[in-house]
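Here the structure comes first, spelled out in structure tokens, and everything after it is commentary.
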Amino acid sequence: MIKINLKNARDKQVLKGFGTSACWWSQNVADKKTAEELSNLLYTKEGLNLNIYRYNVGGGRNEENCRVANPWRICESFFVYDDKNEDEHYHGDGYDFSKDKNAYDFMKLCLKKGNINTVILFANSPHYSFTGSGQASGSLMHHTCNLPKSNYRRFAEYFLDITEHFIEDGVPVDYISPINEPQWKWGGSYVWQEGCHYEPEEMREVFHVFAEELEKRKLGVKLYGPESGEMGGLTEEYLKLFLEDDLIMKHLGVFALHSYHEDNNAEIRRNFRKNVVEKYPNIRFDMSEWCELPCKSHTKSIKGALITARIIGWDLCLLGAESWTSWVAVNQITNRNGENYDFSDGLLSATDDFSYYYIAKRYYGFLHFSKFLSAGSVVLDIGYQPADKLSVFTFRNQDKKEIIVFVNESGAKDAEICSDSKNMSIYTTTQQRNFANDYNGKFKSRVHIKRNSITTVVLWK
């Protein structure tokens, strides 16, 4: 019997909510009916109840010099550049905001739903015309920065020109994130997406230039980053470099990192919280990108949902993240060697033209948290230690309801709950069932947790 005592729970961090990235798929949503369905699935209270929108400012491409073969991994840019004459019109008519129309229209549609309170503009790469290789997919030599120092300022001005347009058009941009996963190699002999490597000091210098431009423009937006690709490695060095730069810290809204590559490591999260998060209580730490990597779980398997739910819980309750954002909302189903290939890293899967899409199992793993935990909810520490592949995560939401999420990756178990609540609802996801409402009624102290299941218990007085 697992015992869960909520009466002595200690408050931890306040959550800012949940989100996903519109990168690599929203530019392909042309049909209005499909766009409406997807926006409802993601950004309404009837759906995932997401409140954070991560919009990709694409680096564009030179048609004759682009090495990324998959059109889903290439993003249109608002910046106009004449490749043949090398004639760039840097301001004013140098931008065409009719570009990336499907992605922009989808974002505006989601904003109309009224659930979004945070918009983040992020870039995987500077515009290709600013780079050393002339490509947004990285340098021709991996682990080499593709942005010459002479173009740091141009990159910042271009990014803030776009930000300014978004704001003037009614998009409430809160944060800008100019760098994504700076430590990875990007580029080299094989490329598959936009990306740009930065050494730690190069990363700091770019952020400093952005801080200078924010100081000038006074747009009311904050820096978000550096979107480190992992919890370990260079992440603490990135933070140290930020802390040494007063101007960056003045304009830094969030220190953001990704929790890739540690799907079975709870201890690294505990250590990061103890050694970093708790050491700097005035800094907001967000987990801004994750998917199962490598993706070994099929989208229709409960295993993918279990892993997703456990990582969300670990990142919030062990690492101390104040928000949690998945990687792509929708991944691609494409033809590979004559067969359909599902990338399997999204919350939904769709064909190239979105003539067909379906909800992945991991969507429901996410739903077990996001449905009930709006911005302002609090992580609760009850001192529970995972045992027998059962993880337990506890929260209190803004409605003063207690939320318990059980992620059970083994056989059936029973849990005994100690709470002052009088009422209870129970929701369960298994291989056969998706977020089924199993119980609504008076509080009962004993709850059955099915094998290989996610169970959310909602308690209130």
Side-chain angles (χ1 to χ4, degrees), residues 21-24 26-30 53-66 68 71 73-111 119-137 146-148 150-180 194-196 206-207 209-225 251:
S21 164
C23 186
W24 294 353
S26 59
Q27 69 265 32
N28 299 304
V29 183
Y53 199 100
R54 197 162 173 249
Y55 184 95
N56 181 33
V57 178
R61 68 187 183 276
N62 177 340
E63 298 288 352
E64 298 178 0
N65 196 28
C66 178
V68 178
R73 303 297 174 100
I74 303 167
C75 296
E76 222 174 1
S77 175
F78 299 114
F79 182 49
V80 177
Y81 183 78
D82 187 335
D83 294 302
K84 292 182 179 179
N85 299 315
E86 296 186 355
D87 177 21
E88 55 189 300
H89 304 284
Y90 191 55
H91 289 285
D93 61 358
Y95 295 92
D96 181 353
F97 288 102
S98 68
K99 300 288 188 181
D100 206 26
K101 178 174 171 51
N102 289 340
Y104 194 81
D105 287 351
F106 186 81
M107 175 184 62
K108 295 294 286 281
L109 175 62
C110 292
L111 284 166
V119 175
I120 302 162
L121 305 186
F122 80 101
N124 289 313
S125 168
H127 190 270
Y128 73 86
S129 66
F130 304 158
T131 68
S133 67
Q135 303 170 14
S137 54
N146 198 28
L147 181 66
S150 58
N151 284 343
Y152 287 4
R153 184 80 51 189
R154 298 171 71 198
F155 178 34
E157 290 176 349
Y158 139 92
F159 201 115
L160 289 173
D161 284 350
I162 292 170
T163 302
E164 202 159 8
H165 172 83
F166 273 49
I167 293 171
E168 289 172 354
D169 195 40
V171 178
V173 180
D174 301 275
Y175 302 102
I176 56 171
S177 175
I179 289 176
N180 191 67
E194 291 185 353
C196 187
V206 169
F207 266 83
V209 171
F210 268 79
E212 289 178 339
E213 289 301 315
L214 285 174
E215 190 83 359
K216 293 177 188 176
R217 299 205 190 196
K218 306 197 182 300
L219 297 177
V221 301
K222 290 284 190 177
L223 290 171
Y224 193 94
H251 291 278

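Just so we're clear, the structure is a prediction, and the values are computed from it rather than from any experiment. We're numbering straight along the sequence, starting at 1. Reckoned from all heavy atoms, side chains included, excluding hydrogens, waters and symmetry mates.
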Quick one: side chain to side chain donor-acceptor pair (under 3.5 Å) partners of Ser177, sequence neighbours excluded? Glu227
Compute the centroid of each ring, for Phe79 and then for Phe130, and state whether the two points are separated by less than 6.0 Å. yes
Test side-chain contact (heavy atoms from CB on, under 4.5 Å) applied to Asn65 - qualifying residues, sequence neighbours left out: Asn62, Gln135
Apply the test salt bridge (charged side-chain N to carboxylate O under 4.0 Å, His left out) to residues Glu157 and Arg154: give CA-CA distance (whole Å), side-chain angles for both, the deciding distance (0.1 Å), then the verdict. CA-CA 5 Å; Glu157 290 176 349; Arg154 298 171 71 198; over 6 Å; no
Could you tell me if the side chain of Trp24 sits less than 4.5 Å from the side chain of Arg73, heavy atoms only? yes
State the CG-NE2 distance between Leu160 and His165, to the nearest 0.5 angstrom. 14.5 Å
Would you mind reporting whether Asn124 and Cys75 have side-chain heavy atoms less than 4.5 Å apart? no
Minimum side-chain heavy-atom gap Leu121-Val171 below 4.5 Å: no
Kindly check if the number of other-residue, nucleotide or ligand heavy atoms within 6.0 Å of NZ (Lys108) is above 12? yes
The test is salt bridge (charged side-chain N to carboxylate O under 4.0 Å, His left out); show your working for Arg61 and Glu194 and say whether it passes. CA-CA 10 Å; Arg61 68 187 183 276; Glu194 291 185 353; over 6 Å; no
Lys99 atom NZ, neighbour heavy-atom count above 12 within 6.0 Å: no
Looking only at atom types and distance, does a side-chain atom of Asn180 sit under 3.5 Å from a main-chain N or O of Ala123, one as donor and one as acceptor? no
With a 4.5 Å cut-off on side-chain heavy atoms, are Tyr53 and Leu111 touching? no
In the structure I gave you, are the side-chain heavy atoms of Leu219 and Glu164 within less than 4.5 Å of one another anywhere? yes
Hits for side chain to side chain donor-acceptor pair (under 3.5 Å) against Ser133, two or more places apart or cross-chain, chain-then-number order -> Asn146
With sequence neighbours excluded, residues passing ring pair (Phe, Tyr, Trp, His ring centres under 6.0 Å) with Phe166: Tyr55, Phe78, Tyr104
Please name all residues satisfying ring pair (Phe, Tyr, Trp, His ring centres under 6.0 Å) with Tyr175, sequence neighbours left out, ordered by chain then number. Tyr224
Once you round to the nearest 0.5 Å, how far does OH of Tyr158 lie from OG of Ser77? 4.0 Å
What residues form a salt bridge (Lys or Arg N to Asp or Glu O under 4.0 Å) with Lys218, not counting sequence neighbours? none
